[in-house]
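Just so you know, these numbers come straight off a predicted model, no measurement behind them.
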Amino acid sequence: MWTYVRTALFSLIASSVLFTSPVKADTLFLADGSRLNGDVLGLSGGKVVLSTAYAGEVTIDLDAIDGITLDETALISLDSGDRVHSRLVYDPALGQSLESRFLGTIPISIADLSGLWPEGTATPEILAIEEIEERHRREVADLEEQHSEEVGQLERALVTPDKAWSGRTQLGVTGSTGNTNRVSLNGKATAQRKTDFDRLDLSLGWRFARENGRETENEIIGQTRLERDFSKHWFAFGSLLLEQDAFEDLDLRSILTAGTGVFFIQNEKQDLKARFGIGYQVEAFKSSPTMKEAILSLGYDYSIQLNGWLLFTHALTWLPSIEDPIKEFRIMSEAALDIPVTESKNWSVRIGLRNQYDKTPVDGNEKLDTFYSISLGYNFQ
């Protein structure tokens, strides 16, 4: 019976030795004679960080440690500046040493250790490089995002949005026969390009009349104006007006102006803006000397949608001479009422009134020239 019990105990102990793996742990031998077991996470700045199962991570001053034993190799940095991949082994009788596959066993002092990094742990240099690379990646990402936004803004500024262009063509005809044979034509073509930050207006108008076989009216007016916003309400503009009127002895009048303007009202139903600037006017007459002068340009543009159906517009421009603005100036006024005749509003009748006042007209011409018109037009967008 006793023999059987001894055999069973021996088998149990042998099985424990053969099949139970030893628990691996690093060991710190403290100066007070105690030992701490765990995983050494690193050594730097004269302090050792040890991860324990019973107290979590603990930090111990290197001065309080007599020796360190590591289960596995680590990158060891010495005060001499050398770095070796080796194990630390401490024997209370023999002291601290390094064990390397290639260098063998090298006795050292615990005070000679300046750094320790377990295998797979990044060194401060690697961490610094990774930090620089991460910062560089963030900076590149920020620059790419900023560049993408700037490119997007530029593309939005350069690409004409859908339905940016709109305009109108119109024609009016009147006539009579009998005692007086008269035919009168008037027409106008306009186009506007509008984006989120600028507006381009183009127009070309004409009127022509014959009475009893004799030409009585012959006028052509072309104008272009570009406005570009530089704030929510303020904008800069440049414009060019060309005019020819055979019955005012005017071979060509050109007015080039530039300046700034401001919106007082700007919504879907109503717009009111004022503009002011300076310009240069040239008037070439058939039988009078050509006149050139610097001028001011002041005016406003107003439009309102009435009852969601009718459109009323009015533009007024005052062009005084800089040299003598009281005695020499011109005023141009143009008002119109559009009345749609189809549900789509593509076709409309326009009733127009245009006035042109010249304080010092050429001899033989009236100061005030007034033109009434009724025309049928097609609106496109």
Taking [atom1] in [X] as the centre, count heavy atoms belonging to other residues, nucleotides or ligands within less than 6.0 Å. Is the count above 12?
X: E99; atom1: CD; answer: yes
X: R101; atom1: CZ; answer: no
X: E323; atom1: CD; answer: no
X: F380; atom1: CZ; answer: yes
X: I278; atom1: CD1; answer: no
X: E134; atom1: CD; answer: yes
X: K345; atom1: NZ; answer: yes

Quick one: closest heavy-atom pair of [X] and [Y], and the distance?
X: G67; Y: I110; result: CA-CD1, 4.2 Å
X: N37; Y: A25; result: CB-CB, 4.3 Å
X: A64; Y: I60; result: CB-CG2, 4.2 Å
X: S303; Y: T313; result: CB-CG2, 3.8 Å
X: K273; Y: E227; result: NZ-OE1, 2.9 Å
X: D66; Y: A31; result: OD2-CA, 3.4 Å

Check whether any side-chain N or O of [X] sits under 3.5 Å from a backbone N or O of [Y] as a donor-acceptor pair, and report yes or no.
X: S100; Y: G104; value: no
X: R210; Y: V183; value: no
X: Q96; Y: I68; value: yes
X: D32; Y: S34; value: yes
X: Q244; Y: D251; value: yes

Is the closest side-chain heavy-atom distance between [X] and [Y] below 4.5 Å?
X: D301; Y: D271; answer: no
X: T260; Y: V262; answer: no
X: L43; Y: L62; answer: yes
X: L30; Y: I65; answer: yes
X: S297; Y: L319; answer: yes
X: W117; Y: S44; answer: no
X: H233; Y: F264; answer: no
X: T190; Y: D201; answer: no

* Evaluation steps, side chain to side chain contact (heavy atoms under 4.5 Å, CB included), between I108 and L88 -> CA-CA 10 Å; I108 63 168; L88 285 174; 4.2 Å; yes

* Just do the side chain to side chain donor-acceptor pair (under 3.5 Å) check on N186 and S375 with the steps written out, would you? => CA-CA 8 Å; N186 68 83; S375 57; 4.6 Å; no

* Where do R199 and F237 land on the side chain to side chain contact (heavy atoms under 4.5 Å, CB included) test, with the steps shown first? -> CA-CA 9 Å; R199 293 159 298 280; F237 77 89; over 6 Å; no

* Asked: Is there a side chain to side chain donor-acceptor pair (under 3.5 Å) between S373 and R207 once you walk through the steps?
  -> CA-CA 10 Å; S373 66; R207 58 190 179 102; over 6 Å; no

* Apply the ring pair (Phe, Tyr, Trp, His ring centres under 6.0 Å) test between F263 and each candidate in W234, F235, Y300; give the one that qualifies. => F235

* Asked: Going through the checks in order, is the salt bridge (charged side-chain N to carboxylate O under 4.0 Å, His left out) test met by E243 and R354?
  -> CA-CA 14 Å; E243 179 181 358; R354 182 162 65 87; 5.2 Å; no

* Going hydrophobic residue to hydrophobic residue with side-chain gaps under 4.5 angstrom, can you get from L296 over to F276? -> yes

[X] [atom1] to [Y] [atom2] distance, which is reported to the nearest 0.5 Å:
X: L376; Y: L171; atom1: CG; atom2: CG; value: 8.5 Å
X: F208; Y: I220; atom1: CZ; atom2: CD1; value: 10.5 Å
X: Q356; Y: E219; atom1: CD; atom2: CD; value: 6.5 Å
X: D369; Y: N355; atom1: CG; atom2: CG; value: 8.5 Å
X: R168; Y: Q192; atom1: CZ; atom2: CD; value: 11.0 Å
X: T360; Y: F329; atom1: OG1; atom2: CZ; value: 9.0 Å

* To do: Please work out which of the three classes, parallel, tilted or perpendicular, describes the rings of F29 and Y90, given edges at 30° and 60°.
  => tilted

* **Test item: side-chain donor near acceptor, Q223 and R225, under 3.5 Å** => no

* D324 and S321: side chain donor to acceptor below 3.5 Å -> no

* Residue from D112, V89, V84 passing side chain to side chain contact (heavy atoms under 4.5 Å, CB included) with L98 -> V84

* Which of these, V49, D71, T69, V48, sits in a side chain to side chain contact (heavy atoms under 4.5 Å, CB included) with V40? -> V48

* Checking side chain to side chain contact (heavy atoms under 4.5 Å, CB included) for the pair V282/L252: CA distance, chi angles, key distance, verdict? -> CA-CA 8 Å; V282 178; L252 179 65; over 6 Å; no

* To do: Begin from the C-alpha positions of E328 and K359 and carry the test salt bridge (charged side-chain N to carboxylate O under 4.0 Å, His left out) through to its verdict.
  => CA-CA 6 Å; E328 296 184 13; K359 177 67 174 180; over 6 Å; no

* Asked: Which pairs, with at least one residue in residues 47-70 and sequence neighbours excluded, count as a ring pair (Phe, Tyr, Trp, His ring centres under 6.0 Å)?
  -> none

* To do: With salt bridge (charged side-chain N to carboxylate O under 4.0 Å, His left out) as the test, would you mind laying out the steps for E211 and R214 before giving the verdict?
  => CA-CA 5 Å; E211 185 173 336; R214 184 173 60 89; 5.9 Å; no

* Please step through side chain to side chain contact (heavy atoms under 4.5 Å, CB included) for the pair E119 and T73, ending with a clear verdict. => CA-CA 7 Å; E119 293 293 345; T73 60; 3.3 Å; yes

* Dump the intermediate steps for salt bridge (charged side-chain N to carboxylate O under 4.0 Å, His left out) on K367 and D358, then the final yes or no. => CA-CA 5 Å; K367 290 184 178 181; D358 193 339; over 6 Å; no

* Asked: Is there a side chain to side chain donor-acceptor pair (under 3.5 Å) between T317 and R275 once you walk through the steps?
  -> CA-CA 9 Å; T317 302; R275 45 189 162 75; 3.1 Å; yes

